[in-house]
Amino acid sequence: MFILSSNFNNLSHFYWLVNLLKLIETVKRSKIKYLLQSDLVDNQVNAKGWVRTKREGKNVTFIALNDGSTIKNIQIVVDMEKLPEATIKDINTGACISVNGVLVKSQGKGQSVELIAEHIEILGLADPEVYPLQPKKHSLEFLREIAHLRPRTNTISAIMRIRHNLAFAIHKFFNDKGFFYMHTPIVTGSDAEGAGEMFRVSTLDPKTPPLNEDGSVNYKEDFFGKETNLTVSGQLEAEVGAMSLGEVYTFGPTFRAENSNTSRHLAEFWMIEPEMAFYDLNDNMDLAEEFVKSIISYILDNCMDDLEFLDKRAADEEKNKPQNERNELGLIERMKFVVENEFERLEYTEAIQVLLNSKPHKKKKFKFPVEWGIDLQSEHERYLVEKHYKKPVILTNYPKDIKAFYMKQNPDGKTVGAMDILFPGIGEIIGGSQREENLEKLKTRMEEMDVPESELWWYLELRKFGTAPHSGFGLGFERMMLFVTGMGNIRDVIPFPRTPQNAEF
RNA sequence: UCCCCCUUAGCUCAGUUGGUUAGAGCGGUUGACUGUUAAUCAAUAGGUCCUUGGUUCGAGCCCAAGAGGGGGAGCCA
């Protein structure tokens, strides 16, 4: 490893070596992001990271090194005479190395600074015959199969950095507004949340579970003494927070055991659910719109390097699409457009009118019929958002029969105070409502919809004791990730996607 | 869960009406060359054609079942 041993033939070389070893010991590692924008030019520095490419020459070799701190690589310049051949041979794509040397102004074009290597230690080899991430284009499908290595690509690492920033922006938004972050349970004893199939949580032996006399499983002997599942929503518990702390939000994992095989669904995803006392439906919409705009702005303000890369990537993808499927705006343009424009707000009933008057309806292009009372299909939502209004749309006051039991019943007796925000290309990104705060009305609705009161006695007591108007909504974190990264498949915006038949890694 | 499509070299794909030694680009390896930018040029290695069964003189190609992947729909965030 002590590479200068061949030159170690007189006293000056000896001191040179001693000084170098001292430097290597004392120079602390700098992140590449910092080195690239730093004032450390002409200083001894250390960088550690993974080799992206190596361009070998007779006299000089160039290494593009990335440590994940930024999408940009630092260029390592290696004087072939300073390092042993064996070391250079082992510096392959994917290898992890530690480089000591002097940061200098670049002599070449394409980068402002570069690192002149004086010593390179190989921390981890990567055999090029078998390392799957070679410097060439890989499909996203292939990368999904190597989810443990894919964050070493430009695309996935950019997405993961944005993911962090988006999560941070969400916490910042709510914190700045005086909301409290509430941790609602992951294991839930209630199966009445009404948001789809659930994953069972049990410690019983699946082969020989204890049985009741009638042959059914005796869950009294299970860990919690009752049937338990992974949560499908933290909303009901968040309402407890709203009715005590005023304004709260949850941000945690959510599980749906639906057999959904689409580019917009995961079995395990993250959801943000604010819940606010004294907010009516309009207050709710105002908050949701401000929230969405705020977090998108944060990404625009703090992730431009990564956004520019993804913008270019998306533009390249667009070129392969047929003309009519192409986006009129690029990724960054779309984000700016959403931040700068008012969302279109209209009632469900008006939306049905718009659809009935639409060209595709008149030409019978819709697969599903349009009439008051239907749940809007993807094709209908897409028409409203992408063709008619060409911007995010907030739909309100849906028929009560297609919405959940807890939504505020409107005076007309037909609709409830729901609001969904529809985004271009993604569909429903937010679903929310004002909650029914009247105990009797809520009980009646639960009875009509076969929601067992016994399970939700505590939820009802929020209305029994000091009830108040309140509202809230849920935002699918990964759906927002789709929007701010321009990616098309939700499996590419979460580190380790869980979908039907897939829980690898 | 339903509909459609795909599965051939490490990756992305081509492969004619079923016919003899299965191809390309990228990547790898070797060499040349160069302050290079996913460098360039040359040579070279690399295949259980997803699996099982069937039809046929003969199957990468046709048929059936299964497995895996993708797109769309439903459910939803």
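None of these values were measured; they are calculated from a predicted model.
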Does A:Ser260 contact B:C75 through a side-chain donor or acceptor facing the base, at a distance under 3.5 Å?
yes
Please report the distance, rounded to the nearest Å, between NE2 in A:His265 and C1' in B:G72.
13 Å
Which of parallel (below 30°), tilted (30 to 60°) and perpendicular (above 60°) describes A:Phe173 and A:Phe291?
tilted
Watson-Crick or G-U counterpart of B:A64, or none if no pair lies under 3.5 Å
B:U52
Rounding to an integer number of angstrom, what distance separates B:G53 and B:G71 when you compare their C1' atoms?
30 Å
Geometric class of the A:Phe368/A:His380 ring pair [parallel <30°, tilted 30-60°, perpendicular >60°]
perpendicular
Pairing nucleotide - B:G10, Watson-Crick or G-U, each distance under 3.5 Å:
B:C26
As its Watson-Crick or G-U partner within any shown strand, both distances under 3.5 Å, B:U36 has none
Using a heavy-atom cut-off of under 4.0 Å over every strand shown, decide if A:Phe142 touches base, sugar-phosphate, or nothing.
sugar-phosphate
Write down the distance separating the P atoms in B:C11 and B:C50, rounded off to the nearest Å.
13 Å
Side-chain N or O of A:Gln377 versus OP1/OP2 of B:G74: is the shortest distance under 4.0 Å?
yes
Distance check: side-chain N/O of A:Asn261 vs OP1/OP2 of B:G74, anything under 4.0 Å?
no
Using the ring of each side chain (for Trp, its six-membered ring), is A:Phe405 parallel, tilted or perpendicular to A:Tyr459, with breaks at 30° and 60°?
perpendicular
If I pick the C1' atom on B:C76 and the same atom on B:U1, what distance separates them, to the nearest angstrom?
15 Å
Could A:Lys293 and A:Phe343 be counted as a cation-pi pair, given that NZ or CZ must be under 6.0 Å from the ring centre and within 45° of the axis?
yes
Measuring to OP1 and OP2 of B:G70, would you say a side-chain N or O of A:Arg144 lies under 4.0 angstrom away?
yes
Can you tell me if the side-chain N/O atoms of A:Arg264 get under 4.0 Å from OP1 or OP2 in B:C75?
no
In terms of the angle between their ring planes, are A:Trp270 and A:Phe251 parallel, tilted or perpendicular, with boundaries placed at 30° and 60°?
perpendicular
Separation between the C1' atoms of B:U55 and B:C63, rounded to whole Å:
7 Å
Check: A:Glu114 side chain, B:U37 base, donor-acceptor under 3.5 Å:
no
With nearest nucleotides of RNA chain B determined for A:His138 and A:Lys89 from heavy-atom distances, which residue corresponds to the more 5′ nucleotide?
A:His138
Given atom CG of A:Leu143 and atom C1' of B:G70, what is their separation to the nearest angstrom?
15 Å
Please give the distance between the C1' atoms of B:C57 and B:A67 as a whole number of Å.
32 Å
Whole-Å distance between B:G72 P and A:Asn489 CG?
8 Å
Sticking with atom P, work out how far B:U52 lies from B:U8, rounded to a whole angstrom.
16 Å
Judged by each residue's nearest nucleotide on RNA chain B, which is more toward the 5′ side, A:Pro500 or A:Leu266?
A:Pro500
Just checking A:Pro128: base, sugar-phosphate only, or nothing, at a heavy-atom cut-off of under 4.0 Å?
sugar-phosphate
Which value, in whole Å, describes the distance between the C1' atoms of nucleotides B:G60 and B:G18?
10 Å
Report yes if a side-chain nitrogen or oxygen of A:Ser139 is closer than 4.0 Å to either non-bridging phosphate oxygen (OP1 or OP2) of B:U12; otherwise report no.
yes
Round to the nearest Å and state the distance from A:Glu478 atom CD to B:C76 atom C1'.
14 Å
Under a 3.5 Å cut-off for both distances, is B:G31 Watson-Crick or wobble paired, and to whom?
B:C41
Indicate the ring-plane relationship of A:Tyr398 and A:Tyr348, choosing parallel, tilted or perpendicular according to the 30° and 60° boundaries.
tilted
Over all strands shown, is A:Glu145 touching base, sugar-phosphate only, or nothing at heavy-atom distances under 4.0 angstrom?
nothing
Please report, rounded to the nearest Å, how far the P atom of B:G74 is from the CZ atom of A:Arg256.
17 Å
Ignoring backbone atoms, test whether A:Thr262 places a side-chain nitrogen or oxygen under 4.0 Å from the OP1 or OP2 oxygen of B:C75.
no
Please determine whether any donor N or O and acceptor N or O are separated by less than 3.5 Å between the side chain of A:Glu129 and the base of B:G28.
no
ring-ring contact (aromatic ring centres under 6.0 Å, His included), that's the test. Do A:Phe496 and A:His148 meet it? Break it down for me.
CA-CA 8 Å; A:Phe496 301 103; A:His148 58 307; 8.8 Å; no
Say we look at B:G10 and B:G28: how far apart would their P atoms be, to the nearest angstrom?
15 Å
Could you tell me the separation between the CD atom of A:Glu258 and the C1' atom of B:C2, rounded to a whole number of Å?
15 Å
Among side-chain atoms of A:Arg52 and A:Asn154, is any donor-acceptor pair under 3.5 angstrom?
yes
Just how far is it from atom CD of A:Glu258 to atom NE2 of A:His265, taken to the nearest 0.5 Å?
8.0 Å
Options B:G68, B:A73, B:G72, nucleotide nearest the side-chain atoms of A:Ser378:
B:A73
Establish whether the base of B:C11 is bridged to the side chain of A:Lys136 by a donor-acceptor pair shorter than 3.5 Å.
yes
A:Arg382 side chain near B:A73 phosphate (N/O to OP1/OP2, under 4.0 Å)
yes
How would you label the contact of A:Lys367 with the nucleic acid (heavy atoms, under 4.0 Å): base, sugar-phosphate, or nothing?
nothing
Separation of atom CZ in A:Phe368 from atom C1' in B:C3, rounded to whole Å:
12 Å
Provide, to the nearest angstrom, the distance between the CG atom belonging to A:Asn92 and the C1' atom belonging to B:G28.
10 Å
Which part of the nucleic acid, if any, lies within reach of A:Glu428 when heavy atoms closer than 4.0 Å are counted: base, sugar-phosphate only, or nothing?
sugar-phosphate
Any side-chain N or O of A:Ser106 under 4.0 Å from OP1/OP2 of B:G35?
no
Base, sugar-phosphate, or nothing: which does A:Ile430 touch, judged by heavy atoms less than 4.0 Å apart?
sugar-phosphate
So, does the side chain of A:Glu56 form a donor-acceptor pair with the base of B:U36 at under 3.5 Å?
no
When both hydrogen-bonding distances must be under 3.5 Å and the geometry is Watson-Crick or G-U wobble, what is B:C2 paired with, if anything?
B:G72
Selected nucleotide, minimal atom distance to A:Phe62 side chain, candidates B:G28, B:G35, B:G71:
B:G35
